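Step one of this worksheet: look at the structure below.
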Amino acid sequence: MERSLVLIKPDAMERGLGGTIIGRLQQQGLKLLALKLLHVDEDLAKRHYAIHRDKPFFNDLVEYITSMPIIACVFEGEGAIDLIRRVMGATDPAKAEAGTVRADFGLDIQRNATHASDSEENARKEIGLFFTDDEIFDY
């Protein structure tokens, strides 16, 4: 069983899409193990996007993710990482397959509604940034 972090980003929150996006993942048979509404501070944003630190859009990412509250979730399931990424669609909504979250709700490459872990290693790191072990339920 794999676990993945999913973030419902500010643009989706602003449009009231959190429940819809979470529901789409649950409809795929994924188990929701943790969920919290939080306002990401600059330190957490910089740690989360550290892989992009040297890219020209890094500061824009930090500013965006800290602009308003988000929902952070942990989902679990067989092949969860690939399944979630298929449900989400390509990072650029203009290139996302019809019927995916980003094709349906993404506005542009930055305001693309969601973030999902891209590997088991990154999932462990990312989950650890947003949740303590005590905040993740197993049922």
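Any value given below was found using the heavy atoms of this structure, including those in side chains, with hydrogens, waters and symmetry copies removed. In this text the structure is predicted, and so the values were computed from the model without any measurement.
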Cluster question for you: counting only ILVMFWY and a side-chain heavy-atom cut-off of under 4.5 Å, with indirect links fine, are [X] and [Y] together?
| X | Y | result |
| --- | --- | --- |
| Phe105 | Val87 | yes |
| Leu32 | Leu38 | no |
| Leu7 | Leu37 | no |
| Ile127 | Ile84 | no |
| Ile51 | Val6 | no |

Quiz item: Does Leu107 reach the side chain of Arg15, with side-chain heavy atoms less than 4.5 Å apart?
Solution: yes
Exercise. Just grab all the ring pair (Phe, Tyr, Trp, His ring centres under 6.0 Å) pairs involving residues 113-139, residues at least two apart or on different chains.
Key: His48-His115, His48-Phe130
Residues two or more places apart in sequence or in another chain: which of them pass salt bridge (Lys or Arg N to Asp or Glu O under 4.0 Å) with [X]?
| X | result |
| --- | --- |
| Glu135 | Lys36 |
| Asp82 | none |
| Arg85 | none |
| Arg86 | none |

Quiz item: Who pairs with Asp41 by side chain to side chain contact (heavy atoms under 4.5 Å, CB included), at least two apart in sequence or on another chain?
Solution: Asp43, Leu44
Practice problem: Quick one: list whatever passes side chain to side chain contact (heavy atoms under 4.5 Å, CB included) with Asp108, sequence neighbours left out. | Solution: Gln110, Arg111
Exercise. Give every residue pair that meets the salt bridge (charged side-chain N to carboxylate O under 4.0 Å, His left out) criterion with at least one member in residues 48-60, sequence neighbours excluded.
Key: none
Quiz item: Is there a donor-acceptor pair under 3.5 Å between the side chain of Asn112 and the backbone N or O of Thr91?
Solution: yes
Quiz item: Okay, side chain of Ser117, backbone of Leu5: is any donor-acceptor separation there less than 3.5 Å?
Solution: yes
Quiz prompt | side-chain hydrogen bond (donor to acceptor under 3.5 Å, both in side chains) pairs, two or more places apart, involving residues 21-34 | solution = Arg24-Asp104
Quiz item: If every non-hydrogen atom of Ala123 is compared with every non-hydrogen atom of Ser4, which pair is closest and at what distance?
Solution: CB-CA, 4.1 Å
Exercise. Could you tell me which non-hydrogen atom of Tyr49 sits nearest to which non-hydrogen atom of Phe58, and how far apart they are?
Key: O-CE1, 3.4 Å
Can you tell me how far apart [atom1] ([X]) and [atom2] ([Y]) are? Round to the nearest 0.5 Å.
| X | Y | atom1 | atom2 | result |
| --- | --- | --- | --- | --- |
| Glu42 | Lys46 | CD | NZ | 4.0 Å |
| Met88 | Asp118 | CE | CG | 13.0 Å |
| Glu2 | Leu83 | CD | CG | 9.5 Å |
| Leu35 | Ile136 | CG | CD1 | 12.0 Å |

Distance-only criterion, 3.5 Å: show the donor-acceptor pairs between side-chain atoms of residues 64-80 and protein atoms not counting sequence neighbours.
from: Tyr64; atom 1: OH; to: Asp11; atom 2: N; distance (Å): 3.3
from: Tyr64; atom 1: OH; to: Asp11; atom 2: OD1; distance (Å): 2.1
from: Thr66; atom 1: OG1; to: Val62; atom 2: O; distance (Å): 2.8
from: Thr66; atom 1: OG1; to: Glu63; atom 2: O; distance (Å): 3.2
from: Ser67; atom 1: OG; to: Tyr64; atom 2: O; distance (Å): 2.6
from: Glu76; atom 1: OE2; to: Arg3; atom 2: NE; distance (Å): 3.0

Quiz item: Can you name the ring-ring contact (aromatic ring centres under 6.0 Å, His included) partners of His39, sequence neighbours left out?
Solution: none
Using a 3.5 Å cut-off and no angle test, enumerate the donor-acceptor pairs between side-chain atoms of residues 94-102 and protein atoms at least two apart in sequence or in another chain.
from: Thr100; atom 1: OG1; to: Glu97; atom 2: O; distance (Å): 2.7
from: Thr100; atom 1: OG1; to: Ala103; atom 2: N; distance (Å): 3.3
from: Arg102; atom 1: NH1; to: Gly89; atom 2: O; distance (Å): 2.9
from: Arg102; atom 1: NH2; to: Thr114; atom 2: O; distance (Å): 2.8

Quiz item: Crowded around Leu129 CG? As in, over 12 foreign heavy atoms under 6.0 Å?
Solution: yes
